Trainee: 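Structure incoming, see below.
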Amino acid sequence: MADSGVTDEPGTKDDVHRAKTEGKELSKEEKQRLRKEKKQQKKNKEKKDEKASHESEKKKNKEEKPVSAAAPASQPPTQPSTQKAPSAVPAPAPVPVPVSETPALADKPAKTKADLKAERRARQEAERASKQAATSKPKAPPNELQPVVKRLPEHVQVDNPGVLKKLAKKLERQQTPGCNAATNAKIPLRLDYGYKVSLFSHLHQYSRKAPLTQQLSIPSTVIHPAIVRLGLQYSQGIVAGSNARSVALLHAFKQVIRDYTTPPNEELSRDLVNKLKPYISFLSQCRPLSASMGNAIKYIKKEISNIPSQCKEEEAKRKLLSCIDCYIDEKIILAAKAIAKSSIEKISNGDVILVYGCSSLVNHILCEAFEKNIKFRVIVVDSRPRLEGREALRRLVQRGISCTYVLISAVSYILPEVSKVFLGAHALLANGYVMSRVGTSQIALVAKAFNVPVLVCCETYKFCERVQTDSFVSNELDDPDDLIVTRKGKTQLEHWQDVPSLGLLNLVYDVTPPDFVDLVITDLGMIPCTSVPVVLRVKNVDQ
Amino acid sequence: MELQAVLMAAGGGSRMTDLTYNTPKPMLPVGNKPLMWYPLNLLERVGFEEVIVITTKEVQKMMATDPKMKIDVKMKLDVVCIQEDGDMGTADALRHIQQKIKTDVLVVSCDLITDVALHEVVDLFRAHNATLAMLMSNAHEFTETVPGQKGKKKTAEQRDFVGVDQSGKRLLFMANEADLEDGLSIRKSIMRKHPRMHIKTGLVDAHLYCLKKAVVDFLADNKSISSIRGELVPYLVRKQFSKTTNSPKIKDDAENQNQKTNDNFTYSNQRDNTILQPQQYEPLLQLAQERSCWNDHRGDMSEAYHGGKLRCYVHIIDQGLCCRVNTLAAYIEANRLAPKLFEEPAVHPSAVISERCQMGSDSIIGALCQVADKTSIKRSTLGNSTTVKEKVKVTNSIIMHGVTIEEGCNIQGSVICSNAVIGRGADLKYCLVGNGQRIEPEGEVHSHKHTK
């Protein structure tokens, strides 16, 4: 230790080397500190003379240096971490000093070791005192010790008033550029409705009786009419289901692109993306966007941005429209065909297949299997309040498939009869969890208990890079009034809002862990649940 | 552009000729505003910027001079004049302006006074991609005694039979009592598709329609349809359930339905199947509907909307004001209710009212009025520039512009049109005094229509 203090420059290297061997934290801090100091040096290039003079003073006085302002900031965090290695405490001290003092080194020949030590300690004390006197910098310690915290999406921070204010401001700023700038038209903010159960108070809860169109002008000029129509259809549930929503979204975007004209002095590739942003905010307020919709939007935005600037408007529009058609053909229609082909191999004669709710893909598979004259029967499980199973039942029976219909409360009674479970998915998360209609994880769990294979069918465009292990963090809250039912003229929950301790919760999605899923059938083939990140990686590389 | 607004202001007011023989109906004062100001205000409030107004030359002239219209209406009014005596129906008028119609239309009648949330009607039109969406309201009985009517005679109103489905939104059946001679017959196809139908008779049609552009084009080809309410709407409602594939069947349908205009309809039915169907039925929309797990009905094997492409919807309001001013009784009712829609001061700032005047809280005094001492004005409307001398008692009455009421008069439950002069000491009960008429002093008129 004493040896290292003889000459400053070799001491630096030794210190850093020792720091590396002593512990990772130290080296990281030191590296960050070094980086900061280098930045400081670049900034203060003009002040180098002053620096030199300051440094000479420093050498003599060992007072606080304005130059190495980074040094005091980085010093305190090193102090708690280096409690175990007290010898290293003074070691960081000379590090900033020699770095900044190297130009001035020539001036200062050797001083005695003891003097240097004393100077260092005095400096340390002065800096510690100054740090305690001044307000602490909260930024510095967490940044150095933890990785950067990811910014939470705002749709899961509804209970944070600051985030809501930011969202309102963002909507105001997102006026469609160009039209009606004078009237200051903006996307309205949809207000939440009713009491939210505390565990889910960070999510939006809207009422179907208060549509967003209430706050829009009737011949909607701010938002393209096709988008308004789409938003209405989403919020009223007329277009429901992951595939249907994506197709309807792309159809509406096609109409937007057809009606789009590039304003003068603007480029289509940049302006069209800006035009789409307020529409997407509007749609996400009508109903939170699904993972498939998110992927479709990303694709479109990428395609629009990739349009070369010398491309003429008509040609660009044609190209975009054909891209959209291509996307739908590939990712939805052909994918469905491929999945059906793979799934039919898994369905054999005499099978009893259990399906839950109404998944367009699963229905398609079953209809295709029936066309191939495989003898099987289907048990449709349904749940309130959506009762989507009735629609699935109708479609299957219309084709001639023999079906049984039960509610989810009877799942454990009929599972002994079932040979396979086919489930549809809303999204497949990057950690292998399946996000689907609420109730799916229950069915998968019970099926696992009965050793019945669970097969999830999902196209690859629904694969999502999100990671979630529970259904609380990110979900969707549907209209709580849907839970109210009238039987024999009596509506018990009619005045639920008046009861202060009562909250109605209408969840839409839940996540199923990959342990309960035996196979995922995608258009890329049949993969286990844990291979989802591989698929995502391959997709990203392709693009 | 999503919707174009069209205001039909060419109507003659055939059911209130006493009021309209001098003033055209759109300019009749209701709460001291011209009648057509109310629908225009409604359109302006929801965000329309342009309105096509179909009216007569006379009304156009009056519009230009009326202060309320000039100042308050900020939208761009595209006035289209038609012949007054041309006997043009509303559908004919729509055909007349077919060139101006580029998108779907919202047709409003000039005599509609309502505070309905218009987005409810338009949302039905948008969400279900409907061909027609209209507004109706549960009618209220008129409680006021109508002047000029001797006794409480109930007018023989022709009832409308309106059939809606279980949700109360889809329009299944519409017929007027006049058209149903033997009885109400409902086709089996409707009953098969919608086994539960609610038939309502007490509804008032607000004459507010959202129509697809294809309907306007259809009107251009079918010149036989002349009234939107009387012919077009029942036709569209029927067409929802007609079989479009078999032409002989269509003939049968026409014969069963409307026996009056049989021939015209059979001809048009065969041709218009292509016109009223949406032309390019977008494959993507079809795909989205197939993949969507939504159905508007349950219990049978058919898909959403039973595969029908033509859909008619109605929004029925229970609360709120919605009245059509097409009879005298409605006019009186509107005068009482319309001022409540707006937060305007009851007394116009330019009116001169003496302190010893007793004015009720639900009376409206127009601009430049002069009301002298010892007068009592209760539940009445005074138009602009009226002069009321001393010791006059006005109750439950509507007094239009420029009227002079001499001293000591007693006016109760009456309607006094513009520029009339009521002589001193006259006693009017439940009367209607026409334009520019004079009532002699000390005259006593009860339940009489004093017109030219």
Side-chain angles (χ1 to χ4, degrees), chain A residues 180 183 185 211 213-226 228-252 254-255 324-325 328 332-333 336 357-361 363-364 386-395 397-398, chain B residues 1-5 42-51 74-75 102-106 108 116-130 133 167 169 208 210 280-305 311:
Chain A
N180 289 343
T183 54
T213 50
Q214 243 172 347
Q215 304 165 47
L216 283 181
S217 67
I218 290 262
S220 76
T221 40
V222 179
I223 303 176
H224 192 278
V228 177
R229 170 172 301 160
L230 187 65
L232 264 177
Q233 289 178 329
Y234 281 164
S235 63
Q236 293 183 6
I238 296 175
V239 175
S242 202
N243 282 336
R245 284 166 75 188
S246 308
V247 171
L249 174 75
L250 291 170
H251 170 75
K254 273 174 88 170
Q255 286 182 291
I324 292 181
D325 282 328
I328 294 181
I332 300 181
I333 300 178
C358 184
S359 164
S360 56
L361 189 53
N363 292 343
H364 178 78
R386 287 188 171 230
L387 290 169
E388 285 169 340
R390 294 186 298 194
E391 183 60 22
L393 184 69
R394 177 190 76 79
R395 288 180 195 193
V397 173
Q398 197 182 30
Chain B
M1 247 210 312
E2 192 188 356
L3 275 182
Q4 269 176 292
L42 172 71
L43 292 172
E44 192 173 336
R45 259 183 297 134
V46 291
F48 275 97
E49 285 171 355
E50 286 185 11
V51 183
K74 292 189 185 58
M75 301 183 287
K102 310 261 186 301
T103 67
D104 304 336
V105 268
L106 174 69
V108 190
V116 73
L118 207 52
H119 75 91
E120 310 239 7
V121 180
V122 182
D123 278 352
L124 280 176
F125 184 68
R126 289 166 176 154
H128 298 277
N129 212 5
S167 66
K169 297 277 172 202
L208 189 146
C210 276
Q280 314 114 351
Y281 199 64
E282 294 269 357
L284 281 189
L285 264 185
Q286 175 90 3
L287 179 65
Q289 201 175 356
E290 273 171 30
R291 295 302 184 104
S292 171
C293 54
W294 177 84
N295 205 325
D296 66 328
H297 65 280
R298 58 184 179 91
D300 65 358
M301 280 293 150
S302 33
E303 51 182 5
Y305 306 126
R311 304 183 268 277

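Values below: all heavy atoms of this structure, side chains included; hydrogens, waters and symmetry mates excluded. The model shown is predicted, which means the values in this text are computed figures rather than measured ones.
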Trainee: Counting only non-hydrogen atoms closer than 4.5 Å, does Glu388(A) touch chain B with its backbone (N, CA, C, O), its side chain (CB onward), both, or neither?
Mentor: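 For Glu388(A), the side chain is the part near chain B, not the backbone.
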Trainee: What is the minimum heavy-atom distance between Ala127(B) and Gln236(A), and which atoms define it?
Mentor: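 For Ala127(B) and Gln236(A), the tightest heavy-atom pair comes out as CB-OE1, 3.7 Å.
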Trainee: Can you tell me which of Val122(B), Val46(B), Leu43(B), Asp104(B) forms the most heavy-atom pairs within a distance under 4.5 Å of chain A?
Mentor: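 The candidate making the most pairs under 4.5 Å is Val46(B).
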Trainee: Restricting to non-hydrogen atoms, name the atom on Gly237(A) and the atom on Trp294(B) that form the minimum distance, rounded to 0.1 Å.
Mentor: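 That closest heavy-atom pairing would be O-CD1, 3.1 Å.
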Trainee: Under 4.5 Å heavy-atom distance to chain A, tell me which part of Gln4(B) shows up: side chain, backbone, both or neither.
Mentor: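 Contact with chain A: none, neither part.
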Trainee: Given a strict heavy-atom distance threshold of 4.5 Å, which part of Thr103(B) is in contact with chain A: side chain, backbone, both, or neither?
Mentor: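 No part of Thr103(B) comes within 4.5 Å of chain A.
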Trainee: How many angstroms lie between atom CG of Asn295(B) and atom CZ of Arg390(A), to the nearest 0.5 angstrom?
Mentor: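 Asn295(B) atom CG to Arg390(A) atom CZ measures 9.5 Å (nearest 0.5 Å).
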Trainee: I need the Glu2(B) CD to Ile223(A) CD1 distance, nearest 0.5 Å.
Mentor: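 With rounding to 0.5 Å, CD (Glu2(B)) is 10.5 Å from CD1 (Ile223(A)).
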Trainee: Is Arg386(A) in contact with chain B via its backbone, its side chain, both, or neither, using a 4.5 Å heavy-atom distance?
Mentor: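 For Arg386(A), neither part sits under 4.5 Å from chain B.
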Trainee: Can you tell which part of Leu393(A) gets under 4.5 Å to a heavy atom of chain B, answering side chain, backbone, both or neither?
Mentor: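 Contact with chain B: none, neither part.
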Trainee: Answer with side chain, backbone, both or neither: which region of Arg394(A) has an atom nearer than 4.5 Å to a non-hydrogen atom of chain B?
Mentor: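 For Arg394(A), heavy atoms of backbone and side chain both lie under 4.5 Å from chain B.
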Trainee: Looking at Ile332(A), Val239(A), Val247(A), Asn363(A), which hits side chain to side chain contact (heavy atoms under 4.5 Å, CB included) with Arg291(B)?
Mentor: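 Answer after filtering Ile332(A), Val239(A), Val247(A), Asn363(A): Ile332(A).
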Trainee: First locate atom CD1 of Ile238(A), then atom CD of Gln289(B), and finally report the distance between them rounded to the nearest 0.5 Å.
Mentor: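 Interatomic distance, Ile238(A) CD1 to Gln289(B) CD, rounded to 0.5 Å: 9.5 Å.
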Trainee: Nearest 0.5 angstrom please: Leu284(B) CG to Gln255(A) CD, how far?
Mentor: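 That separation rounds to 9.5 Å.
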Trainee: Does the side chain of Arg126(B) reach to within under 4.5 Å of the side chain of Val228(A), using non-hydrogen atoms?
Mentor: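 Result yes, sub-4.5 Å side-chain heavy-atom pair found.
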Trainee: Let me confirm one number: the OG-CD distance from Ser217(A) to Glu44(B), rounded to the nearest 0.5 Å.
Mentor: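 One gets 12.5 Å once the value is rounded to the nearest 0.5 Å.
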Trainee: Output the distance between atom CD1 (Ile218(A)) and atom CG (Asp123(B)), rounded to the nearest 0.5 Å.
Mentor: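 Ile218(A) atom CD1 to Asp123(B) atom CG measures 7.0 Å (nearest 0.5 Å).
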Trainee: Where is the tightest heavy-atom contact between Gly241(A) and Cys293(B), given as atom of each residue plus distance?
Mentor: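 Heavy atoms only, the tightest pair is N-SG, 4.5 Å.
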Trainee: Quick one: what part of Asp296(B) sits under 4.5 Å from any heavy atom of chain A, side chain, backbone, both or neither?
Mentor: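 Nothing of Asp296(B), per the 4.5 Å heavy-atom cut-off to chain A.
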Trainee: Who among Lys254(A), Arg245(A), Gln398(A) has the most heavy-atom pairs with chain B under 4.5 Å?
Mentor: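 Highest number of pairs under 4.5 Å: Gln398(A).
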Trainee: Which atom names give the shortest non-hydrogen contact between Ala240(A) and Ser292(B), and what distance separates them?
Mentor: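 Looking at all heavy atoms of both residues, the closest pair is N-OG, 3.1 Å.
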